[in-house]
**Student:** 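Take a look at this one; I'll ask things after.
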There are 4 protein chains.
Amino acid sequence: MKYRELKRQVYEANLELQTRNLVVYTFGNVSQIDRDAGVIAIKPSGVSYADMKADDMVIVDLDNKIVEGSMRPSSDTKTHTHLYRHFADIGGVTHTHSTYATAWAQAKLSIPCLGTTHADFVFGEIPCTAEMSDEQIKRDYEEETGVQITDCFKQRSPNEAPMVIVAGHAPFTWGKDAAKSVYHAVILEEIAKMAYLTRTLNPTGSLLSAAILNKHYQRKHGSGAYYGQSN
Amino acid sequence: MKYRELKRQVYEANLELQTRNLVVYTFGNVSQIDRDAGVIAIKPSGVSYADMKADDMVIVDLDNKIVEGSMRPSSDTKTHTHLYRHFADIGGVTHTHSTYATAWAQAKLSIPCLGTTHADFVFGEIPCTAEMSDEQIKRDYEEETGVQITDCFKQRSPNEAPMVIVAGHAPFTWGKDAAKSVYHAVILEEIAKMAYLTRTLNPTGSLLSAAILNKHYQRKHGSGAYYGQSN
Amino acid sequence: MKYRELKRQVYEANLELQTRNLVVYTFGNVSQIDRDAGVIAIKPSGVSYADMKADDMVIVDLDNKIVEGSMRPSSDTKTHTHLYRHFADIGGVTHTHSTYATAWAQAKLSIPCLGTTHADFVFGEIPCTAEMSDEQIKRDYEEETGVQITDCFKQRSPNEAPMVIVAGHAPFTWGKDAAKSVYHAVILEEIAKMAYLTRTLNPTGSLLSAAILNKHYQRKHGSGAYYGQSN
Amino acid sequence: MKYRELKRQVYEANLELQTRNLVVYTFGNVSQIDRDAGVIAIKPSGVSYADMKADDMVIVDLDNKIVEGSMRPSSDTKTHTHLYRHFADIGGVTHTHSTYATAWAQAKLSIPCLGTTHADFVFGEIPCTAEMSDEQIKRDYEEETGVQITDCFKQRSPNEAPMVIVAGHAPFTWGKDAAKSVYHAVILEEIAKMAYLTRTLNPTGSLLSAAILNKHYQRKHGSGAYYGQSN
């Protein structure tokens, strides 16, 4: 029962996916890391949200070995652990097939920054990964999905864009804990819907100016941030 | 009362259509077969979901003769029995006019495999039938609707694509029982919506690669499947 | 209290507009005729659904004179009475600004028959009226809106298409009573949405064949109809 | 406790944003002015709707100084006060990132008057502001957002168009009090959705005629208005 609190948080974050209409059936999974213990809790694979209990969350180490739990962890576990190993600051990861974000992923297009809703959360475009090579798929599909994601952040901090869309697949988001990664999944879906509508209404419209992007991102996330009640 | 359990399952599967927002008013119908008895239970024609009781389900044999029940069976009954006669493995059939799947049917386009959400359930495209000839329509419309469907599966197992869209009409889905056929109707509607958004966002975008299609389909349905808790 | 039952039916039909998500705020209005008495009951103008009571329905004769009621009738009353005077078989009329039907009206396009969902209810296209001339607008706007509608049915029975969209405005639907006219408003919105999706997915797609249109319309409405439990 | 009633009205108007599905999380803010006292009440910055209480509303004067309240006011406060200073008749202001209105803002397009739903509330197009210059952004971003808005109304009364969309950002609406400004935010979102659907269905369609625009606007807002129960 060592990981009871970690499991509870991950369980509730997974339920939130359903409350926020980001998933149908068992689609989607959320995890959270305990960096001191070197383990994550993650949703079991293919279990319905109605049947799921907090104790069903599976504890896995960063080499994907099951530490605690009687069920098989999410089939996407290796992608989660890859992200935790490469993004030192993140505490939670969410994967959904939310409709509009997935449409961008299937269109194999990064989501351009078209407005301040986007700029409030992401500094610049939401990247779409490269397509995976046949070789990568054969090697270790879920691990390589993680590689595709981290490759987008070689020149860029994952804190400036806590979300990505995997080409031909769907989004992953992250944050300081499981709840925050779900929060970003909700935000991404809304940004993706707005961007879809904008592009189909005006396919050649210009991006948000760099100055407004910077202003909006910094007023929430910069050193002189003045949005919200803290800082 | 011989078929009480069969009727109950079909009744509940029909109600699920409404719960999942796949139908307005009396649109849609679900059936399930008892292969040993050689009969199916199916929704009565044009009865509202609110008024319907489990005992109203109509028992029909595979020649479309009523075996039990005081109401007229769904006007689409002959399409259902045609599918049961030709697809030996299926146990349930669902017909809806769900919005996005019907839009593809009306556009007379098969749904291309654009992402892993699709690949998780269907190996390759979701076929759109040929249009029906005037001659077929005169002959026996509902039976011929079944012919249009089974013609799509001459070179392909109906297990690899448990769903079809009938040109100018709407979708049919199937599964091991009534509940699973409804499940596939929900999945189809979501895939159809994602594909609509993808195509209107990027009309010339490429399909999912054969390698990822194969990977995703096999990890759920292949002999070495590792998704979910069973196998 | 002579018209209590008529008022109750109209009141409930108006509430159904809200239940079915066809209106925001006070948009929309429903009426029903008592042909023997030569009067209609109609929603009062600009009253919210939450505040409205059955007794607030206004009784108006076919010359638009108030017969009973302390409130001002819907500003669209003259359009309703025009339809009752010209369409001898109808008993109820509904006007909404439902989203997709209104989009077709604003696009000034008739809704082509693209599938069997449409053919189940309407024999052929759902007409969009001509645009109103400046002269008509000055003369008597609401009466002339009725003229625009009845002009679409000079060569065609209003029973074969119990719905129309008024160019630049929004839909009107009708039926044997108020409830049935609301039913047709729900159906129209669904048909309009499917047609929107079909056209934006495949702008050059062909219509439903005349043979299938005829088959579907007749199996529900023809002399040999076999859909539903009656006839 | 001087401003208890003002705070209560603003609190309830803010909650209405959520009830009407115009916001996700803490997006959006509503204010109302007490012209005699020369102060407004406005939502605190970044507080969730679930946690918010009426007493959390912040009282600010028209120079943006906090008069009462322990929390930081909305980061958009300066835009609100700018509007109150320049639009003498308005009593409430609402800012949302509602999906369709924001899509038009991101597309940097004014919403053309395409139908009577629009004409019932706005006389002519719903303006999209100019894009803000880099210099303005540096100067005082939120104040300059107000300038961008009031610049749209140099030749036009803000009463004839109680709404605007800010290029690259999102809508602002106003009215005689906070509740009415939220009402206009709901109406704007519906108009924006209808206009989106109309334009994507028929990109070259014509505007509503000037005569119908005038007729519909005047029957609700002119000196001889006959819509609703008052006047």
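Just the heavy atoms: all of them, side chains too, but no hydrogens, waters or symmetry mates, feed the values below. Within every chain, numbering begins at 1; the chains are lettered A, B, ... in the order of the sequence lines, protein sequences first and strands thereafter.
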**Student:** Does any backbone or side-chain atom of C/Glu135 lie under 4.5 Å from a heavy atom of chain D? Answer side chain, backbone, both or neither.
**Tutor:**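 Neither; nothing under 4.5 Å.
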**Student:** Checking C/Thr26 against chain D: side chain, backbone, both or neither under 4.5 Å from a heavy atom?
**Tutor:**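 Interface part for C/Thr26: both.
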**Student:** Given heavy-atom pairs under 4.5 angstrom as the criterion, report whether the side chain, backbone, both or neither of C/Thr99 touches chain D.
**Tutor:**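 Looking at C/Thr99, backbone and side chain both touch chain D.
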**Student:** Chain C heavy atoms under 4.5 Å from D/Arg199: which part of the residue, side chain, backbone, both or neither?
**Tutor:**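 No part of D/Arg199 comes within 4.5 Å of chain C.
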**Student:** So which of C/Gly168, C/Ala170, C/Pro203 has the largest heavy-atom pair count under 4.5 angstrom toward chain D?
**Tutor:**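 Top option by heavy-atom pairs under 4.5 Å: C/Gly168.
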**Student:** Should D/Lys180 and D/Asp177 count as an ion pair when the cut-off is N to O under 4.0 Å?
**Tutor:**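 Judged by the 4.0 Å cut-off on N to carboxylate O distance, D/Lys180 and D/Asp177 do not form a salt bridge.
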**Student:** Can you tell which part of D/Asn214 gets under 4.5 Å to a heavy atom of chain C, answering side chain, backbone, both or neither?
**Tutor:**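 Neither part, no heavy atoms under 4.5 Å.
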**Student:** Please state whether the rings of D/Tyr183 and C/Tyr25 are parallel, tilted or perpendicular, taking 30° and 60° as the class boundaries.
**Tutor:**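 Tilted, since the angle between the ring planes falls between 30° and 60°.
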**Student:** Name the member of C/Ala107, C/Ala195, C/Ser45 that forms the most heavy-atom pairs with chain D at distances under 4.5 Å.
**Tutor:**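 Looking at each option in turn, the highest pair count goes to C/Ser45.
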**Student:** By a 4.5 Å heavy-atom criterion (distance strictly below it), what part of D/Ser206 contacts chain C: side chain, backbone, both, or neither?
**Tutor:**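 When you check distances to chain C, atoms from both the backbone and side chain of D/Ser206 fall under 4.5 Å.
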**Student:** Relative to chain C, which segment of D/His216 carries a heavy atom at a distance below 4.5 Å: side chain, backbone, both, or neither?
**Tutor:**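 Contact with chain C involves the side chain of D/His216 alone.
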**Student:** Measuring heavy-atom distances to chain D, does C/Glu131 have an atom under 4.5 Å in its side chain, in its backbone, in both, or in neither?
**Tutor:**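 The side chain, not the backbone.
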**Student:** Regarding C/Lys43 and the six-membered ring of C/Tyr49, is the cationic atom NZ or CZ under 6.0 Å from the ring centre and inside 45° of its axis?
**Tutor:**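 Ring-cation test returns yes.
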**Student:** Show, in sequence, the C-alpha distance, side-chain angles and deciding distance for C/Phe172 and C/Thr94, and conclude whether the side chain to side chain contact (heavy atoms under 4.5 Å, CB included) test is met.
**Tutor:** CA-CA 6 Å; C/Phe172 281 82; C/Thr94 292; over 6 Å; no
**Student:** Who among D/Ser209, D/Ala210, D/Gly115 has the most heavy-atom pairs with chain C under 4.5 Å?
**Tutor:**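 The residue among D/Ser209, D/Ala210, D/Gly115 with the greatest pair count is D/Gly115.
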**Student:** Using a cut-off of under 4.5 Å on heavy-atom pairs, state which of D/Asn202, D/Ile212, D/Leu201 scores highest against chain C.
**Tutor:**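 Most heavy-atom pairs under 4.5 Å with chain C: D/Leu201.
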**Student:** What's the verdict on side chain to side chain contact (heavy atoms under 4.5 Å, CB included) for C/Phe27 and D/Thr117, showing C-alpha distance, side-chain angles and the deciding distance?
**Tutor:** CA-CA 9 Å; C/Phe27 295 14; D/Thr117 318; 3.7 Å; yes
**Student:** Is there side-chain contact between D/Lys53 and D/Asp56, with heavy atoms separated by less than 4.5 Å?
**Tutor:**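 A side-chain contact under 4.5 Å exists here.
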**Student:** Start with the C-alpha gap between C/Thr102 and C/His97, add the side-chain angles, then the distance that decides, and say whether side-chain hydrogen bond (donor to acceptor under 3.5 Å, both in side chains) holds.
**Tutor:** CA-CA 6 Å; C/Thr102 301; C/His97 287 210; 5.3 Å; no
**Student:** I'd like to check C/Thr81 versus C/Ile40 (side-chain heavy atoms, cut-off strictly below 4.5 Å). Are they in contact?
**Tutor:**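 Of all side-chain heavy-atom pairs linking C/Ile40 with C/Thr81, at least one is under 4.5 Å.
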